[in-house]
Amino acid sequence: MPEITKNVSFDTIAREWRMKWENKETLSKIQETFDSVKSELKGLKGIKAVQRTVCGGCLDYKISVSVSADAFGDWEKAEFTPEKKFLEAAAKIDGVTKVETQTFTLMPVDL
């Protein structure tokens with residue numbers, strides 16, 4: 001299992017696609033755009049989960065795609081397909097701003 005430090009290991013790496021939306025019409029168009037590319041994620045090697053986060057207060061729209069740590073490198077080499085297609089289309093929607101990505105690790109925490 002990969003480790004960042006001796007006590008910080010992980011088994012999952014996620015790629016987040018995020019943006020700000022101006023109004024509900026903008027939000028709806030973003031979702032339609034994601035719906036048009038989401039089937040491309042179904043065959044992704046090592047896929048664990050796809051989650052959508054929407055905040056109505058700060059107007060965030062986020063998609064997090066989680067893959068097993070050992071499969072992440074292959075997806076990275078493929079330029080995180082369909083990331084570019086989705087983000088470029090979303091950025092053209094009137095009212096979309098701050099289109100960004102972030103990669104982070106995930107690991108369940110035993111309580």
Side-chain angles (χ1 to χ4, degrees):
M1 182 174 314
E3 292 181 338
I4 298 171
T5 66
K6 287 184 180 186
N7 61 344
V8 180
S9 60
F10 58 93
D11 62 1
T12 304
I13 303 177
R15 182 76 170 173
E16 182 178 83
W17 308 331
R18 63 178 176 243
M19 60 205 68
K20 296 286 189 179
W21 50 277
E22 185 175 277
N23 54 48
K24 289 183 179 181
E25 181 180 344
T26 302
L27 175 61
S28 182
K29 288 179 181 177
I30 294 168
Q31 184 61 47
E32 288 171 4
T33 301
F34 178 68
D35 288 344
S36 75
V37 301
K38 70 181 181 183
S39 64
E40 295 180 44
L41 294 168
K42 287 184 181 179
L44 183 61
K45 178 185 166 194
I47 192 157
K48 290 187 157 192
V50 177
Q51 294 176 293
R52 184 193 66 214
T53 305
V54 175
C55 178
C58 60
L59 307 180
D60 282 337
Y61 181 95
K62 302 176 183 182
I63 296 291
S64 297
V65 181
S66 303
V67 298
S68 60
D70 60 346
F72 184 79
D74 290 338
W75 190 36
E76 184 176 35
K77 287 176 189 167
E79 299 180 340
F80 305 111
T81 300
E83 177 179 279
K84 184 176 181 179
K85 182 192 296 187
F86 171 61
L87 294 180
E88 285 180 354
K92 292 177 183 175
I93 298 169
D94 189 39
V96 170
T97 59
K98 293 189 79 173
V99 177
E100 302 173 330
T101 62
Q102 182 177 3
T103 301
F104 51 90
T105 65
L106 295 168
M107 185 69 176
V109 175
D110 294 328
L111 298 178

### Task
Give a yes or no on whether the backbone of K29 and the side-chain of T33 come within a donor-acceptor separation of less than 3.5 Å.
yes
Tell me whether [X] shares a hydrophobic cluster with [Y], the cluster being built from Ile, Leu, Val, Met, Phe, Trp, Tyr side chains joined at under 4.5 Å.
X	Y	result
L27	V50	yes
W17	V99	yes
I13	I4	yes
F72	V8	yes

Point-to-point distance, once rounded to the nearest 0.5 Å, from [atom1] of [X] to [atom2] of [Y]:
X	Y	atom1	atom2	value
T103	E16	OG1	CD	9.5 Å
T101	L87	OG1	CG	7.0 Å
K42	I47	NZ	CD1	10.5 Å

Scan the side chains in residues 54-69 for donor-acceptor partners under 3.5 Å anywhere in the protein, sequence neighbours excluded, and list what turns up.
from, atom 1, to, atom 2, distance (Å)
D60, OD1, K20, NZ, 2.7
Y61, OH, Q31, OE1, 2.8
S68, OG, D70, OD1, 2.7

If you take all heavy atoms of [X] and [Y], which pair is closest and at what distance?
X	Y	value
T81	L41	O-CD2, 4.1 Å
V96	A91	CG1-CA, 4.3 Å
E3	K6	OE2-O, 3.8 Å

Applying ring-ring contact (aromatic ring centres under 6.0 Å, His included) to F34 and not counting sequence neighbours gives F86
Do E83 and V37 touch side chain to side chain, with heavy atoms closer than 4.5 Å? no
Can you say whether the rings of W75 and F80 are parallel (under 30°), tilted (30 to 60°) or perpendicular (over 60°)? perpendicular
- Task: Determine whether more than 12 heavy atoms belonging to other residues, nucleotides or ligands lie under 6.0 Å from atom CG of N23.
- Result: yes
Could you go through I30 and M19, starting from their C-alpha distance and side-chain angles, then the distance that decides it, and tell me whether this counts as side chain to side chain contact (heavy atoms under 4.5 Å, CB included)? CA-CA 9 Å; I30 294 168; M19 60 205 68; 3.8 Å; yes
